[in-house]
Amino acid sequence: RELNGVLQEEREFLVAKGQLEHDVAEWLAAPEDRKSGSLLTGNKLARARTWLVDRAGDLTVNERSFVQASIDREDRQKDEAAARLQESLRTESFYRAEQAMRAVNNGDAVTGMLLALEGLPDATAEEELQRTRPHVPEAEHALDAAWQAQRERAVLNGHRESVWSAVFSPDGARVLTASADKTARL
């Protein structure tokens, strides 16, 4: 049984290597400006990548060069995609900062803060995009502006249910609240 497995694996390699030889011939014959269209992708590239490690001696110089060129192109594409993603996130952060400032200027500081926070990286976020978002100073400035513009200065705790009403003393130093929990607090 073990010999059958080895023979089957070798047969599969030789069949796939025959296809690789055909692909290499196409790549070598292609004009320079079209060579990248002949390179390996997907499953074929994944398989050939393992051959560079496990069976490099079974590959010709041209085959190794072809597989390496395919790997290099895939790596460049990944790098370019990552750069585009970071630029998109940067643009979104600028937009969030702009929205935040608009909300602050319209008197809604809390919404401004929330929008500005969406434009900033958050190392504790569950979403990877929010953790790896680039820092945009404009979002930080919008958050600071919203913080300074907010009117809420403190959260008053004590009621266990919704507050129905609040009355402030003439000097604004004290507040009396009435709640659905049938209590009043000063």
Side-chain angles (χ1 to χ4, degrees), residues 1-104 111-146:
R1 285 190 136 200
E2 200 172 295
L3 180 59
N4 280 340
V6 170
L7 290 174
Q8 179 64 26
E9 190 176 300
E10 188 63 21
R11 181 184 170 289
E12 289 171 5
F13 170 73
L14 291 173
V15 168
K17 189 172 183 303
Q19 179 61 51
L20 179 67
E21 290 168 359
H22 174 75
D23 293 341
V24 168
E26 267 187 18
W27 177 64
L28 290 172
E32 280 302 314
D33 62 333
R34 296 193 180 188
K35 281 195 183 293
S36 69
S38 303
L39 294 172
L40 297 173
T41 60
N43 290 337
K44 284 184 176 183
L45 178 55
R47 180 177 56 211
R49 189 186 289 262
T50 63
W51 294 345
L52 275 185
V53 175
D54 300 338
R55 301 192 73 148
D58 294 328
L59 302 175
T60 66
V61 170
N62 283 341
E63 290 167 345
R64 287 193 303 269
S65 296
F66 175 65
V67 172
Q68 189 59 54
S70 299
I71 291 169
D72 293 346
R73 182 189 62 178
E74 182 182 68
D75 291 346
R76 276 192 312 277
Q77 288 174 334
K78 286 179 181 177
D79 291 345
E80 289 166 2
R84 283 191 305 273
L85 175 62
Q86 286 298 299
E87 187 56 33
S88 295
L89 290 171
R90 184 182 275 70
T91 300
E92 181 189 24
S93 292
F94 281 123
Y95 179 67
R96 295 289 184 214
E98 183 180 294
Q99 286 179 311
M101 289 307 299
R102 197 173 300 129
V104 170
T111 299
M113 279 190 273
L114 294 172
L115 288 166
L117 286 169
E118 284 295 314
L120 290 169
D122 180 357
T124 63
E126 289 183 25
E127 293 180 31
E128 182 181 356
L129 289 180
Q130 199 61 26
R131 287 192 312 269
T132 60
R133 174 183 296 281
H135 180 265
V136 174
E138 288 81 357
E140 190 173 335
H141 296 308
L143 178 61
D144 183 57

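Keep in mind that what you see is a predicted model, and the values were worked out from it rather than measured.
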Judged by atom type as modelled, is there a donor-acceptor pair below 3.5 Å linking the side chain of [X] to the main-chain atoms of [Y]?
{"X": "Arg64", "Y": "Ala56", "answer": "yes"}
{"X": "Gln130", "Y": "Glu118", "answer": "yes"}
{"X": "Arg131", "Y": "Glu126", "answer": "yes"}
{"X": "Glu74", "Y": "Ala69", "answer": "no"}

Over all heavy atoms of both residues, which pair between [X] and [Y] is shortest? Give the atoms and the distance, please.
{"X": "Pro134", "Y": "Arg90", "result": "CG-NH1, 3.7 Å"}
{"X": "Gly119", "Y": "Arg133", "result": "O-CD, 3.4 Å"}
{"X": "Val104", "Y": "Gly112", "result": "CG2-CA, 4.1 Å"}
{"X": "Leu143", "Y": "Leu120", "result": "CD2-CD1, 3.9 Å"}
{"X": "Ala139", "Y": "Ser93", "result": "CB-O, 4.3 Å"}

Requested in this report: Any pair with a residue in residues 70-94 that passes ring-ring contact (aromatic ring centres under 6.0 Å, His included), sequence neighbours left out, goes on the list, sorted by first then second residue, please.
Outcome: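 The answer is none; no pair qualifies.
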I need the [X] [atom1] to [Y] [atom2] distance, nearest 0.5 Å.
{"X": "Arg49", "Y": "Leu40", "atom1": "CZ", "atom2": "CG", "value": "10.5 Å"}
{"X": "Asp72", "Y": "Ser36", "atom1": "CG", "atom2": "OG", "value": "12.5 Å"}
{"X": "Glu140", "Y": "Leu117", "atom1": "CD", "atom2": "CG", "value": "10.5 Å"}
{"X": "Leu52", "Y": "Ile71", "atom1": "CG", "atom2": "CD1", "value": "5.0 Å"}
{"X": "Arg76", "Y": "Glu80", "atom1": "CZ", "atom2": "CD", "value": "7.5 Å"}
{"X": "Gln77", "Y": "Asp79", "atom1": "CD", "atom2": "CG", "value": "10.5 Å"}

Query raised in the report: Counting only heavy atoms not in Arg34, do more than 12 sit closer than 6.0 Å to its CZ atom?
Result: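 No, the 6.0 Å shell around CZ holds no more than 12 heavy atoms from other groups.
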**Report entry** CD (Gln8) with more than 12 external heavy atoms under 6.0 Å
**Finding:**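 Atom CD in Gln8 is packed in, count exceeds 12.
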Pairs of donor and acceptor atoms involving the side chains of residues 13-33, under 3.5 Å and at least two apart or interchain, shall be tabulated with distances.
{"residue": "Lys17", "atom": "NZ", "partner": "Glu21", "partner atom": "OE2", "Å": "3.1"}
{"residue": "Lys17", "atom": "NZ", "partner": "Glu63", "partner atom": "OE1", "Å": "3.1"}
{"residue": "Lys17", "atom": "NZ", "partner": "Glu63", "partner atom": "OE2", "Å": "3.1"}
{"residue": "Gln19", "atom": "NE2", "partner": "Asp23", "partner atom": "OD1", "Å": "2.9"}
{"residue": "His22", "atom": "NE2", "partner": "Glu26", "partner atom": "OE2", "Å": "3.2"}

Report task. Evaluate the criterion salt bridge (charged side-chain N to carboxylate O under 4.0 Å, His left out) for residue pair Arg55 and Glu10; output intermediate values, then yes/no. Result -> CA-CA 11 Å; Arg55 301 192 73 148; Glu10 188 63 21; 2.7 Å; yes
Query raised in the report: When you look at Glu92 and Arg96, which way does the salt bridge (charged side-chain N to carboxylate O under 4.0 Å, His left out) test go after all the steps?
Result: CA-CA 6 Å; Glu92 181 189 24; Arg96 295 289 184 214; 3.5 Å; yes
Requested in this report: Decide, yes or no, whether a salt bridge links Arg102 with Glu98 under the criterion of side-chain N to carboxylate O below 4.0 Å.
Outcome: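 Salt bridge: yes.
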